[in-house]
Amino acid sequence: MAECVNKEKNLKNCPCSYPGCEKKGICCECLRYHWKNRELPGCLFPPEAEKTYDRSLEYFIEVWSKKLGK
Ligand code: SF4
């Protein structure tokens, strides 16, 4: 995996609670990996939803629709 000059800075702001992920702090790898499966990175979910580890686009839409009252 390529080194990222922003990794340390990214790690300080990464709310993903999934343990042992090698992509943590390398946001481009994280996004590429999840989007390939039509998922989104954990940081885009509200904290309680992030903890479920369901990163699907469907869950993202469901959670945010409810939260925004749509
Ligand atoms: S969102 Fe997925 S790829 Fe990104 S750091 Fe968390 S577990 Fe790893």
Side-chain angles (χ1 to χ4, degrees):
M1 189 165 305
E3 272 308 304
C4 173
V5 294
N6 292 318
K7 186 173 180 180
E8 289 309 311
K9 193 166 51 173
N10 290 342
L11 281 174
K12 285 189 186 125
N13 295 306
C14 179
C16 181
S17 61
Y18 190 82
C21 177
E22 63 180 10
K23 291 178 257 308
K24 199 171 279 195
I26 310 173
C27 304
C28 53
E29 296 285 350
C30 173
L31 179 60
R32 195 177 359 257
Y33 168 78
H34 281 295
W35 192 242
K36 189 177 63 190
N37 301 312
R38 284 299 174 258
E39 296 174 346
L40 291 164
C43 59
L44 298 182
F45 291 80
E48 65 280 7
E50 186 284 321
K51 289 179 183 61
T52 69
Y53 302 145
D54 183 347
R55 307 288 192 236
S56 68
L57 189 55
E58 290 83 357
Y59 187 51
F60 174 87
I61 292 168
E62 179 192 323
V63 163
W64 278 110
S65 293
K66 276 187 198 150
K67 236 181 158 42
L68 298 172
K70 303 287 178 186

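Each ligand, and each atom within it, is numbered from 1 in the order the structure gives. Starting from 1, each residue takes its place in the sequence as its number.
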Query raised in the report: Would you find more than 12 non-hydrogen atoms of other residues, nucleotides or ligands less than 6.0 Å from Tyr59 atom OH?
Result: yes
Query - Distance criterion under 2.8 Å: protein N/O/S atoms around atom 8 (Fe) of ligand 1 - result: 1
Report summary line: Hits for side-chain hydrogen bond (donor to acceptor under 3.5 Å, both in side chains) against Asn6, two or more places apart or cross-chain, chain-then-number order -> none
Query - salt_bridge(Glu8, Lys12) N-O dist < 4.0 Å - result: no
Report task. Would you give the length of the straight line joining atom NZ of Lys67 to atom CD of Glu48, rounded to the nearest 0.5 angstrom? Result -> 4.5 Å
Query raised in the report: What distance do Cys27 atom SG and Asn13 atom CG have between them, rounded to the nearest 0.5 Å?
Result: 9.0 Å
**Report entry** Cation-pi, Trp35 ring and Arg32 (6.0 angstrom, 45 degrees)
**Finding:** no
